[in-house]
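Shown next, in structure tokens, is the structure this report addresses.
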Amino acid sequence: MRKNYLLTPGPTPIPPQVAEVMSRPIIHHRTPQFQAILKEAVVGLKYVFQTSEDVFILTSSGTGAMEAAVINLLSPGDTTLVVQGGKFGERWTELCKAYGINTEVIDVEWGKAVSPQEIEKRLKANPKIKAVLITLCETSTGVTVDVEAIGKIVKVTDAVLVVDAISGLGAIDLKTDAWNVDVCVSGSQKGLMLPPGLAFISVSKKAWDKVAESKCPKYYFSFKAAKKAADSTDTPFTPAITLVIALNEALKMMRQDGLENIFLRHKKMADATRAAMKGLGLELFAPTAASDVVTSVKVPQGIDGEKLVKTMRDTYGVTIAGGQAELKGKVFRFAHMGFIEEFDIIAGISCLEKVLAQMGYKFSLGAGVKAAEEVFNV
Ligand SMILES: *Cc1c(COP(=O)(O)O)cnc(C)c1O
């Protein structure tokens, strides 16, 4: 027998009531029954996005919505400004390159957040920049950026602000409208407590003006096609019906809890996780801009980071994530996002301690759990 705990930054665990609706017989999508669900889901998404603008549901993983943003807003030969402080910032650059769009890159040291003033400087130096592409939470490093400050800067220019909020939306605060985010991109398998397979995207009025000028080729991910269908509570192609039904269920739970309470829960879990790591004498990888959805921790000297993650998963059923790209083996990432609460964190820290002790790391057994409990018990 094995009980599994999923503490990775996507996919994240699924609530039982969400799993339950996915086991029901399939219904047809061009029916009043499905339309009622779709309508309710879009209202719920607007609540989570904190927007009154258009929000579309796409059938793809999160990256599909990133691609949709690029091809609907831009034309080959345009220039964008990309903040690149990890693997997901790099994805924006790769996407632009694939469509012949030039990129100006702000290379941020991995583990640090971009300075909004740097974005301001680059926008002033090149007024031709059509879009600023950033990442709310750079999941590869565990850094959250100041979207509100960046939004104020981009607002007064001709550029649109596009935010990859795939990890973070519905877990930490992102006020799409109030923070002047023109296009906000998210996915189903992170804060929204669903399996992978859906992506979501919001489009502001300023962004629609860019859509009108865009000459990138597009078909499946066309915003105009999405809008035309959405106006009659429909989708241009067969939606992932089962996942949309699940989405509606997850959004009901989120509206019941309330965004403020959800954000507070994530903050508390992040505080507890960070305290636990300190209690174990471990060093955070991104101490100055630490995200409240995933904590990245430096693997201590003499410990095999990949083996640590593998043993926790394969011997004890607790899955955390290792480092990606240049951080492979150097950090581990402990996620606390979505359908996770206090005692999942305690179980995860307890398992981390068990395996660290087996691997010969010296610390006082229970110090991590104790530090986490002290945060939870106030
Ligand atoms: C997970 C993630 C993605 C990738 O999403 P897919 O669903 O795998 O396409 C993109 N950006 C960030 C910040 C992520 O955390």
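Order of listing sets the numbers, starting from 1, for every ligand and every atom in it. In this chain, numbering begins with 1 at the start of the sequence shown.
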Any heavy atom of Ile166 under 4.0 Å from ligand 1? The part involved is side chain

So which bit of Thr135 gets within less than 4.0 Å of ligand 1, heavy atoms only: side chain, backbone, both or neither? side chain

Do me a favour and list the nearest non-hydrogen protein atom to atom 11 (N) of ligand 1 with residue, atom name and distance? Asp164 OD2, 2.6 Å

Looking only at the aromatic ring of each residue, does the gap between the centers of Tyr361 and Phe363 stay below 6.0 angstrom? yes

Considering only protein heavy atoms, which is closest to atom 5 (O) of ligand 1, and at what distance to one decimal place? Thr63 OG1, 3.8 Å

Assess the residue pair Lys112 and Glu109 against the criterion (salt bridge (Lys or Arg N to Asp or Glu O under 4.0 Å)); give the C-alpha distance rounded to whole Å, side-chain angles, the decisive distance to 0.1 Å, and a yes or no. CA-CA 6 Å; Lys112 299 263 162 64; Glu109 188 189 330; 3.4 Å; yes

Can you classify the ring geometry of Phe223 versus Phe56 as parallel (below 30°), tilted (30 to 60°) or perpendicular (above 60°)? tilted

Cation-pi between Lys190 and Phe88: NZ/CZ under 6.0 Å from ring centre and within 45° of the ring axis? yes

Atom 15 (O) of ligand 1: the protein heavy-atom neighbour that sits closest, reported with distance to 0.1 Å: Thr139 OG1, 2.4 Å

If only side-chain N and O atoms count, and only distance matters, is there a donor-acceptor pair under 3.5 Å linking Glu138 with Ser140? yes

Please name all residues satisfying side-chain contact (heavy atoms from CB on, under 4.5 Å) with Val21, sequence neighbours left out, ordered by chain then number. Arg24, Ile245, Ala246, Glu249

Considering only non-hydrogen protein atoms, determine which one is nearest to atom 3 (C) of ligand 1 and report residue, atom name and distance to 0.1 Å. Phe88 CE2, 3.3 Å

The closest protein heavy-atom partner of atom 2 (C) of ligand 1 is Lys190 NZ, 2.5 Å

Does the plane of the ring in Phe237 sit parallel, tilted or perpendicular to the ring in Tyr219? Use 30° and 60° as the thresholds. tilted

Partners meeting side-chain contact (heavy atoms from CB on, under 4.5 Å) with Asp257 (sequence neighbours left out): Ile262

Under 4.0 Å from any heavy atom of Ser61, which atoms of ligand 1 are there? 6 (P), 7 (O), 9 (O)

Taking only heavy atoms of Cys137, which atoms of ligand 1 are found under 4.0 Å from at least one of them? 13 (C)

What residue and heavy atom of the protein are closest to atom 8 (O) of ligand 1, and at what distance? Gln189 NE2, 3.9 Å

for atom 4 (C) of ligand 1, nearest protein heavy atom and its distance come out as Arg91 NH1, 3.4 Å

